[in-house]
Each structure stands twice: as structure tokens, then as C-alpha cells.
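Just so it is clear, the model here is predicted, and its values are computed rather than measured.
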Amino acid sequence: ELLGRVSDKELYHLYGKAKGFIALAKDEDFGITVVEAQAAGTPVLAFKGGGFVETVIHGKTGVFVEGSDEETLAFGLKEIDRIKWDRSELVAQARKFSRESFIKNIKKEIESYESNK
């Protein structure tokens, strides 16, 4: 079912009731969608590459696959079903990429730079 544009609130609700989120882009720089899915407590099936390796923890917040063929995806989806996901771990991982965390880390870097002048 194609929903078209949905509000942020509806998107969060959709992520939250999903069994998993699939992200297979092979050259994604960051991939905010996987962070959004994790923030809603939803595990991610992701291509092992690009920014996904920064945002997904294999076995804790998602499952990595190294291809997009039918057999590989079937294996990954079975892994999503097999693992007992801890929603608090998923949400905690997403929080690492929040605006507040970003600002805190940038300030820490600036302070470190200033103290080392």
C-alpha cells in the first residue's frame, strides 16, 4: 500500500507498528530513516555499508545483510523474526543521533580545540 506523504506523527506511528524497516541503499551517507525507525522501537534490516554501519548495531538494533538478492533478504527477515528485540536499546541507539547529542558533541569538540590552542 502506497500512502504518499504522511505527517511526522503518522510516520512515527507507522514505524512503531512495523515488524521491521528495510534499508538497502548501497551508498547511503547517513540514513536518517533507520534512526527514525529505531527511535520508534523498530529493528532495521540494512545493507552492511555506508552510514548504516554507523547507526545500526547488528543483533541489537538491526540485522546487516551484504546483498539484496531474494535468498539474502529471506535470511535477514528470518533473523529479524528470530531475535527478541529490546525496544529500549533501539531507542537508546537512536538518541545517540539526536539534535541534543549532536550539539553536545560539537560543543565538546570546540572546548577541546580551544583548550589545546
Colleague: Distance check, rounded to the nearest 0.5 Å: F47 atom CZ versus I22 atom CD1?
Modeller: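 F47 CZ to I22 CD1: 14.5 Å, rounded to 0.5 Å.
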Colleague: Linking I/L/V/M/F/W/Y whenever their side-chain heavy atoms sit closer than 4.5 Å, directly or via other members, would V91 and F97 fall into one cluster?
Modeller: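 In one cluster: no.
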Colleague: Look at the side-chain heavy atoms of Ile, Leu, Val, Met, Phe, Trp and Tyr, link any pair under 4.5 Å apart, and say whether I32 and Y12 land in one connected group.
Modeller: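 No; Y12 is not reachable from I32 via cluster members.
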Colleague: Can you confirm whether W85 sits close enough to T42 that some side-chain heavy atom of one is under 4.5 Å from a side-chain heavy atom of the other?
Modeller: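 In short, these two side chains do not touch, never coming nearer than 4.5 Å.
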Colleague: Aromatic ring centroids of F21 and Y15 under 6.0 Å?
Modeller: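 Centroid separation for F21 and Y15: below 6.0 Å.
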Colleague: Do V65 and K48 come within less than 4.5 Å of each other through their side chains, counting heavy atoms only?
Modeller: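 No, side chains not in contact.
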Colleague: Checking T61 side chain against E89 main chain: does a donor-acceptor pair fall under 3.5 Å?
Modeller: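 No; zero donor-acceptor contacts below 3.5 Å.
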Colleague: Could you tell me which non-hydrogen atom of I80 sits nearest to which non-hydrogen atom of P43, and how far apart they are?
Modeller: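 Smallest heavy-atom distance, with atoms named: CD1-CB, 4.1 Å.
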Colleague: Can you tell me if E114 uses its side chain to pair, donor with acceptor, with the backbone of I110 under 3.5 Å?
Modeller: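 Checking the backbone N and O of I110 against the side chain of E114, no donor-acceptor pair under 3.5 Å is found.
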Colleague: Would you say F30 has more than 12 foreign heavy atoms packed within less than 6.0 Å of its CZ?
Modeller: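 Yes, the 6.0 Å shell around CZ holds more than 12 heavy atoms from other groups.
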Colleague: So, R82 and E79, do they make that salt bridge, N to O below 4.0 Å?
Modeller: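 Yes, R82 and E79 are salt-bridged.
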Colleague: Should V44 and T55 count as side-chain neighbours, where that means a heavy-atom distance under 4.5 Å?
Modeller: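 V44 vs T55: side chains apart.
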Colleague: Which heavy atom in A25 sits nearest to a heavy atom in E28, and how many Å separate them?
Modeller: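 The answer is CB-OE1, 3.7 Å.
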Colleague: Who pairs with K96 by side-chain hydrogen bond (donor to acceptor under 3.5 Å, both in side chains), at least two apart in sequence or on another chain?
Modeller: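 Applying side-chain hydrogen bond (donor to acceptor under 3.5 Å, both in side chains) to K96 gives Q93.
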Colleague: Are L14 and V35 connected in the hydrophobic side-chain network, where two residues link if heavy atoms are under 4.5 Å apart?
Modeller: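 They do share one cluster, since a chain of ILVMFWY contacts under 4.5 Å joins L14 to V35.
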Colleague: Please check this pair: side chain of R87 against backbone of A40, looking for a donor-acceptor N/O pair closer than 3.5 Å.
Modeller: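 Side chain of R87 to backbone of A40, a donor-acceptor pair under 3.5 Å: yes, one is there.
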Colleague: Looking only at heavy atoms, which two atoms of G67 and T72 are closest? And how far apart?
Modeller: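 What the structure gives for the nearest pair is O-CG2, 3.7 Å.
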Colleague: Any donor and acceptor pair, going by atom type alone, linking the side chain of S115 with main-chain N or O of E111 inside 3.5 Å?
Modeller: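 Flag set: sc S115 to bb E111 pair under 3.5 Å.
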Colleague: At what distance, to the nearest 0.5 angstrom, does CD1 of I106 lie from CD1 of I103?
Modeller: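 The distance works out to 9.5 Å.
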Colleague: Less than 4.0 Å between a side-chain N and a carboxylate O, is that true for D86 and K60?
Modeller: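 Not counted as a salt bridge, because no side-chain N and carboxylate O are separated by less than 4.0 Å.
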Colleague: Supply the atom-to-atom distance S68 OG to L45 CG, rounded to the nearest 0.5 angstrom.
Modeller: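 Reported value, rounded in 0.5 Å steps: 10.5 Å.
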Colleague: Count the heavy atoms of every other residue, nucleotide or ligand shown that sit under 6.0 Å from CG of D69, and state whether that count exceeds 12.
Modeller: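 Result for CG/D69: enclosed.
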Colleague: Would I57 end up clustered with V63 when hydrophobic side chains under 4.5 Å apart are linked, directly or stepwise?
Modeller: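 No; tracing contacts between hydrophobic side chains, which count when under 4.5 Å, never links both residues.
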Colleague: Should V34 and V6 be counted in the same cluster of Ile, Leu, Val, Met, Phe, Trp and Tyr side chains packed under 4.5 Å apart?
Modeller: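 Same cluster: V34 reaches V6 through Ile, Leu, Val, Met, Phe, Trp or Tyr contacts under 4.5 Å.
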Colleague: How long is the straight-line distance from CD of Q38 back to CZ of R95, given to the nearest 0.5 Å?
Modeller: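 Rounded to the nearest 0.5 Å, the CZ-CD separation comes to 12.5 Å.
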